[in-house]
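Written out below as structure tokens is the structure these notes cover.
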Amino acid sequence: MDSTATASLASLWDEVSGTQPDPDLWVVLATLAAALAVVIPHGLWRISRNAITIAHEGGHGLVALLTGRTLTGIRLHSDTSGLTVSRGKPHGIGMILTAAAGYTAPPLLGLGGAALLGAGRITLLLWLATALLLIMLVMIRNAYGALTMIVTGGLFVLVSWLAGPQVQAAFAYVVVWFLLLGGVRPAFELQAKRARGGAGDSDADQLSRLTHVPAGLWFFLFHAVSLCSLIGGGRWLLDL
């Protein structure tokens, strides 16, 4: 029985960690077009931006834990805003990194995903994403957030377990393109909102208070990370 279980686990690990063939170029380009179609139009973006909020708040939460802070909960709201609450020193490097992780998380996750896809690790990407979503679900503290996480996580589970290799590849490429492209837009939207006198307590403003560095320089960092991730990740995905 033990040997059978060990063999099954070994077989599962080989399946997850193994490589899969790259999709045809037309599939990569089609998934790029699909991602653009839900990022550029304002109406669709208001819906799809919820997924970017998941990555944004997940970035805050993950870095809070990695820097020794106590993560108390995450909320996702229907207007695509979110809130991550952690306990610890209200200043210092841990708080700074936690605040900086939000707008940088989606593009960096996209860059990491592009690296995995470039290496042919499609199954590993899907399983890692599913695991992160399930872990994040435990920390959600409101009904809308829980529903959003269940729907998103359920989609990843269905594709990972039931879909064929071609569908898995297409889904993985759409997700990564979406993170890379969708990771660019929020910082520009926030900057425009602040220019109109709104969002006075944004991540950039919190970082400015914590570091005494102007908020404009933090926006430059957000833009640099998102655009460099898009360029680098796009090269991996297109195999340039």
Side-chain angles (χ1 to χ4, degrees), residues 27-63 76-77 79-84 97-118 125 128-129 132-133 136 148 152 170-196 198-199 201-208 213-240:
V27 175
V28 178
L29 294 176
T31 56
L32 168 59
L36 285 169
V38 296
V39 169
I40 294 178
H42 182 69
L44 289 176
W45 173 243
R46 284 181 59 84
I47 300 172
S48 65
R49 197 182 192 280
N50 283 282
I52 295 297
T53 303
I54 291 174
H56 179 114
E57 300 304 329
H60 282 314
L62 177 61
V63 174
L76 306 173
H77 304 134
D79 63 355
T80 73
S81 66
L83 177 66
T84 298
L97 291 175
T98 298
Y103 281 94
T104 56
L108 289 178
L109 286 172
L111 182 63
L116 287 174
L117 293 181
L125 168 66
L128 284 175
L132 289 173
L133 288 169
M136 187 174 170
T148 302
T152 306
F171 179 77
Y173 272 78
V174 167
V175 168
V176 172
W177 276 124
F178 174 73
L179 287 170
L180 291 171
L181 294 165
V184 173
R185 186 166 176 173
F188 283 103
E189 291 180 331
L190 176 62
Q191 207 164 9
K193 189 174 182 179
R194 288 181 78 257
R196 297 191 298 267
D201 195 32
S202 68
D203 291 357
D205 294 289
Q206 293 179 36
L207 285 163
S208 180
V213 173
L217 290 180
W218 286 107
F219 276 111
F220 176 80
L221 172 67
F222 296 159
H223 294 318
V225 170
S226 63
L227 292 172
C228 288
S229 296
L230 175 58
I231 294 170
R235 289 178 62 87
W236 272 326
L237 295 177
L238 295 170
D239 196 21
L240 298 177

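Please read all numbers here as calculations on a predicted model, not as lab measurements. For this chain, numbers begin at 1 and follow the sequence in order. When reading the values below, keep in mind they use all heavy atoms of this one structure, side chains included, and skip hydrogens, waters and symmetry mates.
The two residues S229 and P107 have their closest heavy-atom pair at CB-O, 3.5 Å. Shortest non-hydrogen contact noted between D201 and Q206 is O-NE2, 3.2 Å. Residues L111 and G233 share a closest heavy-atom pair of CD1-N, 3.6 Å. A105 and G59 get closest at one heavy-atom pair: CB-CA, 3.7 Å. Closest of all the heavy-atom pairs between L179 and A55 is CD2-CB, 4.2 Å. H56 and D203 get closest at one heavy-atom pair: NE2-OD2, 3.2 Å.
The CG atom of L83 sits 12.0 Å away from atom OG1 of T53, with the distance rounded to the nearest 0.5 Å. Atom CG of L207 and atom OG1 of T98 lie 10.0 Å apart (nearest 0.5 Å). The distance from the OG1 atom of T80 to the CD1 atom of I52 is 10.5 Å, given to the nearest 0.5 Å.
L238 is listed as a side-chain neighbour of L29, based on a closest heavy-atom distance under 4.5 Å. Side-chain contact between I54 and L76 is present, with heavy atoms from C-beta onward closer than 4.5 Å. Counting only heavy atoms from C-beta outward, the side chains of D239 and V28 never approach each other to under 4.5 Å. Using a 4.5 Å heavy-atom cutoff, the side chains of V176 and L125 are in contact. Taking 4.5 Å as the limit, some side-chain heavy atom of L116 sits within range of a side-chain heavy atom of L128.
With hydrogens and angles ignored, the 3.5 Å screen pairs no side-chain donor or acceptor of S81 with any backbone N or O of H77. Using modelled atom types, one side-chain atom of S48 and one backbone atom of V38 make a donor-acceptor pair closer than 3.5 Å. Remark: the backbone N or O of A204 is not paired with any side-chain donor or acceptor of S208 at under 3.5 angstrom.
Residues satisfying the side chain to side chain contact (heavy atoms under 4.5 Å, CB included) criterion with R185, sequence neighbours excluded, are H42, W45, E189.
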Original post:
For S202 and D205, what are the C-alpha separation, side-chain angles and deciding distance, and is it a side-chain hydrogen bond (donor to acceptor under 3.5 Å, both in side chains)?
Top reply: CA-CA 5 Å; S202 68; D205 294 289; 2.6 Å; yes

Subject >> Pair W218-V213, side-chain contact (heavy atoms from CB on, under 4.5 Å): steps then yes or no >> reply: CA-CA 8 Å; W218 286 107; V213 173; 3.6 Å; yes

Only pairs under 3.5 Å count here: list side-chain donor-acceptor contacts from residues 220-228, not counting sequence neighbours, and write none if there are none.
unit_1: H223; atom_1: NE2; unit_2: Q191; atom_2: OE1; d: 2.7
unit_1: S226; atom_1: OG; unit_2: F222; atom_2: O; d: 3.1
unit_1: S226; atom_1: OG; unit_2: H223; atom_2: O; d: 3.0

